[in-house]
Amino acid sequence: MACASVALWPFIAVQGAPHENAIPNFSSADTGWFPVSDDFQLPPSGPGPVVSDPEHPYYSNQSGKQPTDRIADLTNPILQPWVRERLKKTNDETLAGRIPFSPRETCHFAGVPGFDVFSRLRPVYFLQRTREVTIINEGDQQVRHVYMNVPHSKNVKPSWYGESVGRYEGDELVIDTIGLNDKTYVDNYLTPHTTRLHVIERFKLADGGKALQLSITVEDPGAFNMAWSARQTYRRMPQEKMQEAVCAENNVDYFGKGYFPIPEADKADF
């Protein structure tokens with residue numbers, strides 16, 4: 001029985017059994033985590049993320065105010081010149097009426113840390129196991145795999161979600177991600193980055209387990225003048241079984257903005 005207790009400890013800890021070093025329990029089959037915003041929150045101090053231009057504040061369609069489109073604040077000191085120019089082009093297109101839709105709206109992978117502001121209306125789920133933590137955003141079933149208590153690979157091939165390794169530090173889940181390709185954005189203002197992007201996320205329960213606080217640190221010497229930080233807050237809400245929220249099959253250029261739909265075969269291959 002002693003051997004069985006040792007073997008089951010990771011599972012028991014995840015389920016929330018009393019233990020001074022118990023792993024924080026983010027997993028649940030009947031509740032999901034909803035982000036409070038699809039914009040990053042500012043850090044307590046220091047350089048922060050791109051936010052909306054003060055002259056063109058962003059309001060979502062759940063803000064209780066007239067919704068607006070995103071116009072990035074180009075005065076943020078973290079931005080290197082080429083990144084500022086890219087954002088200016090996006091701003092100009094938006095102001096001219098051609099809205100550059102976000103990854104969620106165009107069925108693209110969110111990347112990291114874009115995953116943390118991917119969708120305000122769909123829950124995020126955690127599946128915690130001894131060797132891996134799987135994080136699922138119900139919107140388009142975007143999935144991240146975090147490999148626990150292992151070092152990064154020596155040669156990481158860039159990919160949409162990179163290589164994430166994790167560990168528990170007290171009551172926090174810490175995720176270190178590298179190896180991201182440069183096809184994603186770090187936020188919904190479409191701020192670009194390079195393959196040198198390095199992201200550290202720290203998840204921690206708050207408000208008696210009703211909330212999840214996320215602190216993010218971002219470094220990319222190819223895109224940003226300095227490391228910067230951001231925050232996100234998730235609220236736990238009751239859910240039924242996970243929904244199949246298909247996106248790709250509905251990726252049509254409804255608004256006539258010139259976007260290309262996902263390729264479709266002329267005939268079935270079976």
Review point. Do NZ/NE/NH1/NH2 and the carboxylate oxygens of Arg235 and Asp207 come within less than 4.0 Å?
Key: yes
Review point. Val51, Trp228: one ILVMFWY side-chain cluster at the under-4.5 Å cut-off?
Key: no
Review point. Taking all non-hydrogen atoms of both residues, which atom of Leu74 and which atom of Arg84 are closest, and how far apart?
Key: O-NE, 2.8 Å
Exercise for review: Determine the minimum heavy-atom distance between Pro24 and Tyr168, stating which atoms define it.
Suggested key: CD-CD2, 3.8 Å
Study note, to complete from the structure: Tightest non-hydrogen contact, residues Phe40 and Pro49, listed as CB-CG, 3.8 Å
Check your understanding: Is any side-chain heavy atom of Asn155 less than 4.5 Å from a side-chain heavy atom of Ser153?
Key -> no
Point to revise | Joint cluster assignment, Phe115 & Leu173, ILVMFWY side-chain distance < 4.5 Å | key: yes
Exercise for review: Report the residue from Asp69, Ile71, Thr90 that forms a side-chain contact (heavy atoms from CB on, under 4.5 Å) with Leu95.
Suggested key: Ile71
Practice item. List the steps and the verdict of side-chain hydrogen bond (donor to acceptor under 3.5 Å, both in side chains) for Tyr189 and Asn91. Key: CA-CA 9 Å; Tyr189 292 91; Asn91 283 356; over 6 Å; no
Point to revise | side-chain hydrogen bond (donor to acceptor under 3.5 Å, both in side chains) evaluation trace for His56 with Asp73 | key: CA-CA 9 Å; His56 301 86; Asp73 180 4; over 6 Å; no
Check your understanding: Is the Trp160 to Phe109 ring centre distance short of 6.0 Å?
Key -> yes
Review point. Any idea which heavy atoms bring Val218 and Pro113 closest together, and the distance?
Key: CG2-CG, 4.2 Å
**Study point:** Minimum-distance pair of heavy atoms, taken over all atoms of Ile175 and Ile135
**Key:** CD1-CD1, 3.8 Å
Point to revise | Single-linkage hydrophobic cluster Val199~Ile78, side-chain heavy atoms < 4.5 angstrom | key: yes
Check your understanding: Is the number of heavy atoms from other residues, nucleotides or ligands under 6.0 Å of Glu169 CD greater than 12?
Key -> yes
Exercise for review: Please report the closest heavy-atom contact between Val165 and Val146, naming both atoms and the distance.
Suggested key: C-CG1, 3.8 Å
Practice item. May I ask you to say whether Asp187 pairs ionically with Arg70, meaning some side-chain N is under 4.0 Å from a carboxylate O? Key: no
